[in-house]
2 protein chains.
Amino acid sequence: MTAIPTLGRLPAADGAIQSGGSRERIERIYAVLRKRICLLDYAPGERLREETLADEFDVSRTPIRRVLARLEDEGLVRSVHGVGTIVTDIDIDALEQVYQLRVELAELIGKLSPVRPDAQKIAAFQTLLARCETLVATPDARKFAEINMDFFHLLNSLTANEPLRAISELLYYQTTRIWLKTASRLESYQAVLNAEITIFHREMADIVAAVEIGDLEVVGHIRRAHISMSFLRLRDSAHADATRTGDD
Amino acid sequence: MTAIPTLGRLPAADGAIQSGGSRERIERIYAVLRKRICLLDYAPGERLREETLADEFDVSRTPIRRVLARLEDEGLVRSVHGVGTIVTDIDIDALEQVYQLRVELAELIGKLSPVRPDAQKIAAFQTLLARCETLVATPDARKFAEINMDFFHLLNSLTANEPLRAISELLYYQTTRIWLKTASRLESYQAVLNAEITIFHREMADIVAAVEIGDLEVVGHIRRAHISMSFLRLRDSAHADATRTGDD
DNA sequence: CTGCGTGATGTTGTACACAACAATAAAATC
DNA sequence: GATTTTATTGTTGTGTACAACATCACGCAG
């Protein structure tokens, strides 16, 4: 079903997840599952069995259900009695509203309680930019998604407004899967991937430059523009592909 | 502890909550508990026993825990192992960031997918305005909070952007308790209540007028201004009161 | 009288058995 | 042979017993 090459074994599961209190454990399981969903390790429509997950993480169904309940409240899965817990399917049109909101929030990060980036943070941006440059050399969809995710978290840390951070994160995780899913269906998959990585690299360079001089408002403006354009490109290519293959 | 006069029996519990599927039942319990928290039926710091709630709603602890988990994720309660589920305490300073965000989102409701109000919706606004006028005549803190809540939901229905609605609601329920809590501690409780109701009535009249001519951008601007000013008034009176009684 | 340890009590977290429900396949009936 | 009915299997939702943990009271030594 998925054109994304995934490996048989999923990363970071029952290894060193035991330590810490019960809250930390649940938080870690939550983070792992959310990441898997967003990187399409779990494809939209896939059924997640609670007991399978319980076995993998070496707990009972109870804490797993706690995690799945949160993922359901956040719109990433949907549990159906007697059937299973299904990873929600998504399409670009349904996510348009989320994108519109993300565009606005991106600008707010530079306005509401911006934190002046210190040397360490700037270094983190530069490191990420370097990773992105190796990505341009050897394009890979999954690596692209991962760098994109790290980049988001780094940007999100530029505001001290906690609720804004939380909400931006929520919306990010609702939308980020759509790129991998849509792109993987395209005929011109490799070409689109290369083009998108190039554009992303340019955006990142621009933003890192703005971060270096400490102008977070500019960062907000750049991000706003890029999120908006990224959505439009995605929608266009998705619709073009849909009409080519015979609509719906 | 609370200066708000509450009655012995809490409304809307085990009566007609049985009907519907399991999801609807959980949703209803959630709504009831959330409302109780926001109207200070459960005061900040109060301990909610899972088994007590389970008895009241005539279910086991399991679905109650499902609801409490969501309330915890939304920041209204916090479960502590071996202690209890405690209604989160709040103070005006901690909520400043939430208010800043709400101010921005209020404006977005008029911008993102605004829905032209039909006759029925306008009528709902006018009905609410009438309720507010009776409130001016006979001030009552709890009724004020309830009308405020209804007003919020009505305003929130003016955008078709679902994620924006959900997030606005989330932030609203995080902040709305602070007014009742702060006001109830004030020396000049009655005077502040009367003044606040008068201001609220004026805001409502302005907004209803803007709704009637269908200008949702203006609605957004008015709300933005009022949320902002309301917060400032609250913070000032809270701090003035704190210094008067000896800081802390 | 104070400080510390220890047991009793109460509450949430976990695990597990079972009920409710959905889907599929098999079988019976027309 | 097609269709309806029924049985079987698989999954989530619920209830409940028990474990883990925190708190408080009580006793006891200093």
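Just so it is clear: chains get the letters A, B, ... in the order the sequence lines come, proteins before strands, and each one is counted from 1. Please read all numbers here as calculations on a predicted model, not as lab measurements.
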Novice: Take B/Ile26 and B/Arg61, find for each the nucleotide of DNA chain D with the closest heavy atom, and name the residue whose nucleotide sits nearer the 5' end.
Specialist: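 Final value for this comparison: B/Ile26.
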Novice: For A/Thr62, which contact category applies under a 4.0 Å heavy-atom criterion: base, sugar-phosphate, or nothing?
Specialist: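 Touches a base.
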Novice: Using a 4.0 Å cut-off to any heavy atom of chain B, which nucleotides of DNA chain D are the first and last in contact, reading 5' to 3'?
Specialist: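 Listed 5' to 3', the contact boundaries are D/dG13 to D/dA22.
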Novice: Donor-acceptor check, side chain of A/Glu24 to backbone of A/Gly21, threshold 3.5 angstrom: yes or no?
Specialist: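 The answer is yes, because a donor-acceptor pair under 3.5 Å joins these two groups.
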Novice: What closest approach, in Å, do A/Leu105 and A/Leu164 show between heavy atoms, and which atom pair accounts for it?
Specialist: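 That would be CD2-CD1, 3.9 Å.
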Novice: Distance check: side-chain N/O of A/Ser60 vs OP1/OP2 of C/dA15, anything under 4.0 Å?
Specialist: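 Answer yes for this pair, as a side-chain N or O of A/Ser60 is under 4.0 Å from OP1 or OP2.
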Novice: Taking B/Thr176 for the side chain and B/Cys38 for the main chain, is one N or O donor matched with an acceptor at less than 3.5 Å?
Specialist: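 No, B/Thr176 side chain to B/Cys38 backbone: no donor-acceptor pair under 3.5 Å.
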Novice: Starting at CZ of A/Arg25 and ending at C1' of C/dG13, how long is that distance when rounded to a whole Å?
Specialist: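 Whole-Å distance recorded here is 9 Å.
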Novice: How are the rings of A/His153 and A/Tyr173 set to each other: parallel, tilted or perpendicular (split at 30° and 60°)?
Specialist: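 Tilted.
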Novice: Nearest whole Å is fine: how far is C/dA15 P from B/Arg65 CZ?
Specialist: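 Interatomic distance, CZ of B/Arg65 to P of C/dA15: 12 Å.
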Novice: Can a cation-pi geometry be assigned to A/Arg102 and A/Tyr172, taking NZ or CZ under 6.0 Å from the six-membered ring centre and within 45° of the ring axis?
Specialist: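 Because its charged atom misses either the 6.0 Å distance or the 45° angle limit, A/Arg102 does not stack over A/Tyr172.
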Novice: I'd like a list of close polar pairs between nucleotides 7-11 of chain C and the protein, N/O only, cut-off under 3.5 Å.
Specialist:
unit_1: C/dG10; atom_1: N2; unit_2: B/Gly82; atom_2: O; d: 2.9
unit_1: C/dT11; atom_1: OP1; unit_2: B/Arg47; atom_2: NH2; d: 3.3
unit_1: C/dT11; atom_1: OP1; unit_2: B/Arg49; atom_2: NE; d: 3.0
unit_1: C/dT11; atom_1: OP2; unit_2: B/Arg49; atom_2: NE; d: 2.9
unit_1: C/dT11; atom_1: OP2; unit_2: B/Arg49; atom_2: NH2; d: 3.3
unit_1: C/dT11; atom_1: O5'; unit_2: B/Arg49; atom_2: NE; d: 3.3

Novice: Name every residue in residues 69-78 of chain B that has at least one heavy atom under 4.0 Å from any atom of DNA chain C, in order of residue number, or write none if there are no such residues.
Specialist: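 Output list: empty, so none.
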Novice: Under the 3.5 angstrom rule, does the side chain of A/Gln174 hit a backbone N or O of A/Glu169 as a donor-acceptor pair?
Specialist: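 No: the side chain of A/Gln174 does not pair with the backbone of A/Glu169.
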Novice: Check the distance between C/dT12's P and B/Arg66's CZ and give it to me in whole angstrom.
Specialist: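 From B/Arg66 CZ to C/dT12 P: 18 Å.
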Novice: Whole Å only: how far is the CG atom of A/Asp55 from the P atom of C/dA15?
Specialist: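 After rounding, the reported distance stands at 11 Å.
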Novice: Whole-Å distance between C/dC16 P and A/Asp58 CG?
Specialist: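 Checked: the CG to P distance equals 11 Å.
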Novice: For the pair B/Arg23 and A/Glu72, find out whether any cationic side-chain nitrogen is under 4.0 Å from an anionic carboxylate oxygen.
Specialist: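 Yes, charged N to carboxylate O under 4.0 Å.
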Novice: Using modelled atom types only, decide if a donor and an acceptor are shared between the side chain of A/Thr88 and the backbone of A/Gly75 within a distance under 3.5 Å.
Specialist: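 Indeed, once roles are kept as given, a pair shorter than 3.5 Å links the two residues.
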Novice: Take the protein atom CG of B/Leu53 and the nucleotide atom P of C/dT12, then report the distance between them rounded to whole Å.
Specialist: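 The distance from CG of B/Leu53 to P of C/dT12 comes to 9 Å, rounded to the nearest Å.
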Novice: Considering every strand and a 4.0 Å limit on heavy-atom distances, what is the contact class for B/Ser22: base, sugar-phosphate, or nothing?
Specialist: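 Contact class for B/Ser22: sugar-phosphate only.
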Novice: Should we count CZ of B/Arg78 as having more than 12 external heavy atoms under 6.0 Å?
Specialist: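 For B/Arg78, atom CZ is not crowded (no more than 12 foreign heavy atoms under 6.0 Å).
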Novice: Could you go step by step and tell me if A/Ile178 and A/Tyr99 meet the side chain to side chain contact (heavy atoms under 4.5 Å, CB included) rule?
Specialist: CA-CA 11 Å; A/Ile178 193 68; A/Tyr99 266 100; 3.7 Å; yes
Novice: Quick test of your reading of the model: are A/Glu146 and A/Arg131 salt-bridged, counting only N-O distances below 4.0 Å?
Specialist: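 A salt bridge is absent here (no side-chain N lies under 4.0 Å from a carboxylate O).
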